[in-house]
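Here is the structure we will look at, set down as structure tokens.
Numbering starts at 1 and runs along the sequence shown.
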Amino acid sequence: MADELLGDVSENFDAIVLPGGMPGAERLRDSSKLIDMLKVQQKEGRIYGAICAAPAVVFQPNGLLDGKVATCHPGFMEGLENASEKRVVVQDNCITSRGPGTAFEFALALVKELLGEE
């Protein structure tokens with residue numbers, strides 16, 4: 001159960017990071033409120049990220065990866081325009097990763113972008 005409804009939260013986040021998995025990624029993709037928040041995040045240069053299916057299912061069809069290289073779960077790679085085989089891809093303020101096996105590296109990349117390397 002969520003602590004807050006999406007409509008009740010502030011829209012000023014240091015980062016918005018999406019989990020992967022299906023059908024959850026489809027549900028995230030279908031949330032116009034979330035997509036609007038992600039587009040603001042992108043425009044304002046704040047971090048947004050996704051792992052597993054979410055980069056291909058949520059980010060790509062909503063223009064959040066235009067001109068960016070990204071990665072995702074191998075089963076969804078065909079859904080990315082500029083796919084990378086890397087385990088984690090950091091491109092500008094967008095961070096993507098492949099799946100459960102790369103979750104720790106993904107988390108460290110997020111912390112590095114938010115707080116610095118040390």
Side-chain angles (χ1 to χ4, degrees):
M1 177 175 286
D3 293 332
E4 303 252 355
L5 296 175
L6 190 57
D8 296 339
V9 298
S10 162
E11 292 189 22
N12 188 12
F13 298 99
D14 293 329
I16 298 176
V17 181
L18 305 185
M22 297 295 277
E26 293 171 320
R27 292 188 178 118
L28 295 171
R29 175 200 62 209
D30 296 339
S31 170
S32 60
K33 173 71 173 172
L34 175 62
I35 300 307
D36 289 345
M37 291 170 70
L38 285 164
K39 287 181 177 180
V40 168
Q41 197 80 3
Q42 177 189 40
K43 180 182 175 188
E44 294 183 356
R46 289 181 276 139
I47 296 168
Y48 64 104
I51 192 168
C52 199
V57 174
V58 182
F59 286 179
Q60 189 68 64
N62 285 292
L64 293 159
L65 294 177
D66 290 351
K68 295 186 185 306
V69 174
T71 194
C72 68
H73 187 278
F76 291 86
M77 291 292 274
E78 72 281 351
L80 295 178
E81 288 179 15
N82 297 310
S84 170
E85 296 287 331
K86 289 184 178 180
R87 295 169 59 86
V88 176
V89 175
V90 178
Q91 177 114 80
D92 302 321
N93 57 324
C94 180
I95 305 170
T96 55
S97 190
R98 295 180 64 95
T102 64
F104 191 71
E105 293 165 75
F106 181 55
L108 290 175
L110 288 164
V111 170
K112 180 180 175 185
E113 293 302 309
L114 286 165
L115 302 174
E117 192 154 0
E118 295 185 26

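- For Tyr48, the ring-ring contact (aromatic ring centres under 6.0 Å, His included) partners at least two apart in sequence or on another chain are Phe59.
- Taking the side chain as every heavy atom from C-beta outward, Gln91 and Asn82 never approach each other to under 4.5 Å.
- In this structure the side chain of Leu64 never reaches within 4.5 angstrom of the side chain of Cys94, judged on heavy atoms.
- Its side chain within the 4.5 Å cluster rule, Val88 clusters with Val17, Ile47, Ile51, Val90, Ile95, Phe106, Leu110, Val111, Leu114, Leu115 among the Ile, Leu, Val, Met, Phe, Trp and Tyr residues.
- Here Lys68 does not pair with Glu81 in a salt bridge; the nearest charged N to carboxylate O distance is not below 4.0 Å.
- Counting heavy atoms from C-beta on, the side chains of Lys86 and Val69 never come closer than 4.5 Å.
- Using a 4.5 Å heavy-atom cutoff, the side chains of Asn93 and Glu44 are not in contact.
- Between the side chain of Thr102 and the backbone N or O of Gly99 there is at least one donor-acceptor pair closer than 3.5 Å.
- Here the rule is side chain to side chain contact (heavy atoms under 4.5 Å, CB included) with Arg98, and of Pro55, Pro74, Cys52 only Pro74 fits it.
- For Lys33, the side chain to side chain donor-acceptor pair (under 3.5 Å) criterion is met by Glu11, not counting sequence neighbours.
- Taking 4.5 Å as the limit, every side-chain heavy atom of Phe76 sits out of range of all side-chain heavy atoms of Gln60.
- Side-chain contact between Thr96 and Leu80 is absent, with no heavy-atom pair separated by less than 4.5 Å.
- Closest approach of Phe13 and Met37 over heavy atoms only: CE1-CE, 3.3 Å.
- Taking both residues in full, the closest heavy atoms of Pro19 and Ala54 are given as O-CB, 3.4 Å, listed atom of the first, atom of the second, then distance.
- Using a 4.5 Å heavy-atom cutoff, the side chains of Arg87 and Thr71 are not in contact.
- Counting non-hydrogen atoms of other residues, nucleotides and ligands closer than 6.0 Å to CG of Asp14 gives a total of 12 or fewer.
- Val58 places a side-chain heavy atom less than 4.5 Å from the side chain of Ile35.
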